[in-house]
Colleague: 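To start, I am sharing the structure in question, which I have written as structure tokens.
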Amino acid sequence: RMYYTTQSVGELTRREINIKTYSEYVRQGFFQLLIAAGIATSIVAYILQSIHTMLKKHKFYVQLSMMVLTLETEFLLLSAAKRLYLYAEAHGLTRSSIFGIVFLVWLSAVLILILIATVKKIKRMYFFIYFFLITLFAFVGINIMSIDSIVATSFPPTVNKEIDYIYIVKLSPDAASSWPFIIQHAQSQWDTLSKLTSPTDDQTRKIGNLNSTLRILRGKVFELDRKYTTDPKKYISLYPNTENGPDASYAKWKEGHLIKTWQAFNISEYQAYMVIQKNRNLFDQIQPLIMTIGKQEKYWSDARYKKSKQN
């Protein structure tokens, strides 16, 4: 995959396309094609209002022109879909990418409806009913799909050729199925990074991202644990009494403002809570791991400061 991406960037350079990254090329091209397709669809839809009232000798040429324009627009959408596929292969997906896919499918379906209406006259009422049904299916599809779960487990987004775990843990509880793996990955990564005596800037960045990921995840787990655990004795220890700072202060404030009535029950949250309970041993390791990383970061920071003073 990386070889393909590198070759693609090189090809862009040879063609004198002023784009710094392949992902930028794909992303810009996708939205440009969508805009072009949207404009073409609007033109065809406008002409469609009067096409069946034209004289027969003019109607044929207008129909032919509209069919060609509609088919060309469909090819534009296919090109946009290809670009999105290439982007997903190289960099994964995000929420906006999923919404882009849904809009792509919706626009394609609308174009097919327009193409049929061009060839065969459809009463305006029925046309709008079909249009409404297509739109309704698109909205239902968005709500039925677990978008965050798809992003987190099937097409995780990447930054600097690394999975963006910070983005994933910021997603809704629908992405909770990925949380155990994220904790395992953090433990594995820390086992390697903790052996360093003097981390480089890039390694320091990785440690900072690791710490941020765990802290964000801790906040989400804390909220779900306090909301759905009925026995306070079974709470997961995530913020020790000795910890101060904005994270701990917010957690204490959040705990006092949690709504635990049946009206606040959320299926997605409860399913995430069950993931936490099934992997309780893993989630118990979040706080100790954060504390360990924090202490080691302080040690490295003090060592760098002493070294700078000596120099």
Side-chain angles (χ1 to χ4, degrees), residues 92 94 152 156-173 175-227 229 232-258 272-273 275-277 279-311:
T94 60
T158 60
V159 176
N160 297 324
K161 304 175 186 179
E162 300 172 357
I163 294 177
D164 189 357
Y165 290 108
I166 293 179
Y167 178 85
I168 293 174
V169 295
K170 286 182 178 180
L171 296 173
S172 71
S177 58
S178 66
W179 293 353
F181 171 78
I182 291 175
I183 298 172
Q184 291 174 334
H185 171 77
Q187 289 175 328
S188 175
Q189 194 173 26
W190 179 244
D191 287 342
T192 302
L193 294 172
S194 62
K195 297 174 183 177
L196 301 172
T197 54
S198 181
T200 63
D201 290 342
D202 185 61
Q203 290 167 338
T204 301
R205 176 188 61 80
K206 289 182 179 179
I207 294 167
N209 287 344
L210 184 64
N211 200 359
S212 297
T213 300
L214 290 171
R215 287 180 178 276
I216 295 170
L217 181 57
R218 176 176 65 171
K220 287 185 172 290
V221 172
F222 176 86
E223 185 173 343
L224 293 172
D225 182 61
R226 296 305 188 268
K227 183 175 180 179
T229 301
K233 295 180 181 179
K234 296 181 179 180
Y235 285 161
I236 299 176
S237 178
L238 293 165
Y239 292 94
N241 295 328
T242 56
E243 182 174 347
N244 296 312
D247 285 354
S249 299
Y250 174 77
K252 293 173 183 176
W253 176 87
K254 190 68 176 178
E255 185 175 10
H257 290 77
L258 280 175
Y273 171 73
V275 170
I276 296 170
Q277 293 304 309
N279 299 273
R280 178 68 183 254
N281 292 336
L282 271 177
F283 286 91
D284 281 335
Q285 299 303 313
I286 293 178
Q287 176 57 27
L289 192 54
I290 290 174
M291 297 293 288
T292 302
I293 294 174
K295 289 178 182 178
Q296 191 64 30
E297 279 188 310
K298 186 177 185 304
Y299 170 78
W300 283 326
S301 178
D302 292 343
R304 283 194 296 268
Y305 177 75
K306 290 180 181 178
K307 188 175 180 179
S308 64
K309 291 289 285 184
Q310 291 174 356
N311 295 336

Colleague: Can you tell me how far the CG atom of N211 sits from the CD atom of Q296, to the nearest 0.5 Å?
Modeller: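 If I round to the nearest 0.5 Å, the distance is 12.0 Å.
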Colleague: Sub-3.5 Å donor-acceptor pair from the side chain of N279 to the main-chain atoms of V275, do we have one?
Modeller: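 Side chain of N279 to backbone of V275: a pair is present.
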Colleague: Rounded to the nearest 0.5 Å, what's the gap from OH on Y273 to CZ on R226? Could you check?
Modeller: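 If we round to the nearest 0.5 Å, Y273:OH and R226:CZ are 10.5 Å apart.
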Colleague: Hey, mind stepping through E297 and I293 against side-chain contact (heavy atoms from CB on, under 4.5 Å) and telling me if it holds?
Modeller: CA-CA 6 Å; E297 279 188 310; I293 294 174; 4.1 Å; yes
Colleague: Show the nearest heavy-atom pair for residues S177 and P180, with the distance to one decimal.
Modeller: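 S177 and P180 have their closest heavy atoms at O-CD, 3.6 Å.
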Colleague: Without swapping roles, check the side chain of S188 against the backbone of Q184 for a donor-acceptor pair under 3.5 Å.
Modeller: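 No; zero donor-acceptor contacts below 3.5 Å.
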Colleague: For the atom pair OG1 (T158) and NZ (K161), what is the distance rounded to the nearest 0.5 Å?
Modeller: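 Between atom OG1 of T158 and atom NZ of K161 there are 10.5 Å.
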Colleague: Salt bridge between K298 and D302, side-chain N to carboxylate O under 4.0 Å?
Modeller: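 Yes, K298 and D302 are salt-bridged.
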Colleague: If I compare all heavy atoms of P199 with all of Q203, which pair ends up nearest, and what's the gap?
Modeller: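 What the structure gives for the nearest pair is CA-OE1, 3.3 Å.
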Colleague: L210 and K206: side-chain contact (heavy atoms from CB on, under 4.5 Å), yes or no, with the steps?
Modeller: CA-CA 6 Å; L210 184 64; K206 289 182 179 179; over 6 Å; no
Colleague: Given the rule in the side-chain contact (heavy atoms from CB on, under 4.5 Å) test, do R205 and T200 qualify, once you have shown the distances and angles that lead to the verdict?
Modeller: CA-CA 9 Å; R205 176 188 61 80; T200 63; over 6 Å; no
Colleague: For the pair T213 (side chain) and N209 (backbone), establish whether a donor and an acceptor sit closer than 3.5 Å, ignoring hydrogens and angles.
Modeller: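 Yes, the answer is positive, given that a donor and an acceptor are paired below the 3.5 Å cut-off.
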Colleague: Drop me the distance from I183's CD1 to L289's CG, to the nearest 0.5 angstrom.
Modeller: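 I183 CD1 to L289 CG: 9.0 Å, rounded to 0.5 Å.
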Colleague: Hey, could you give me the CD1/CH2 distance between I290 and W190, rounded to the nearest 0.5 Å?
Modeller: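 Taking CD1 in I290 and CH2 in W190, the distance rounds to 12.0 Å.
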Colleague: Check the orientation of Y165 and F181. Use parallel for under 30°, tilted for 30 to 60°, and perpendicular for over 60°.
Modeller: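 Answer is tilted, since the angle falls between 30° and 60°.
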Colleague: If you round to the nearest 0.5 Å, how far is CG of L238 from NZ of K220?
Modeller: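 One gets 14.0 Å once the value is rounded to the nearest 0.5 Å.
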Colleague: Shortest non-hydrogen contact from I286 to L214?
Modeller: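 That closest heavy-atom pairing would be CG2-O, 4.0 Å.
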Colleague: If you define the side chain from C-beta out and look only at heavy atoms, does anything of L282 sit under 4.5 Å from W179?
Modeller: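 No, too far: nothing below the 4.5 Å cut-off.
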Colleague: Any side-chain heavy atom of I207 sitting closer than 4.5 Å to one from W300?
Modeller: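 A side-chain contact exists here, since the closest heavy-atom pair is under 4.5 Å.
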Colleague: Nearest heavy-atom pair of T94 and P157: which atoms, and what distance?
Modeller: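 Shortest heavy-atom separation between T94 and P157 comes out as CG2-CB, 4.1 Å.
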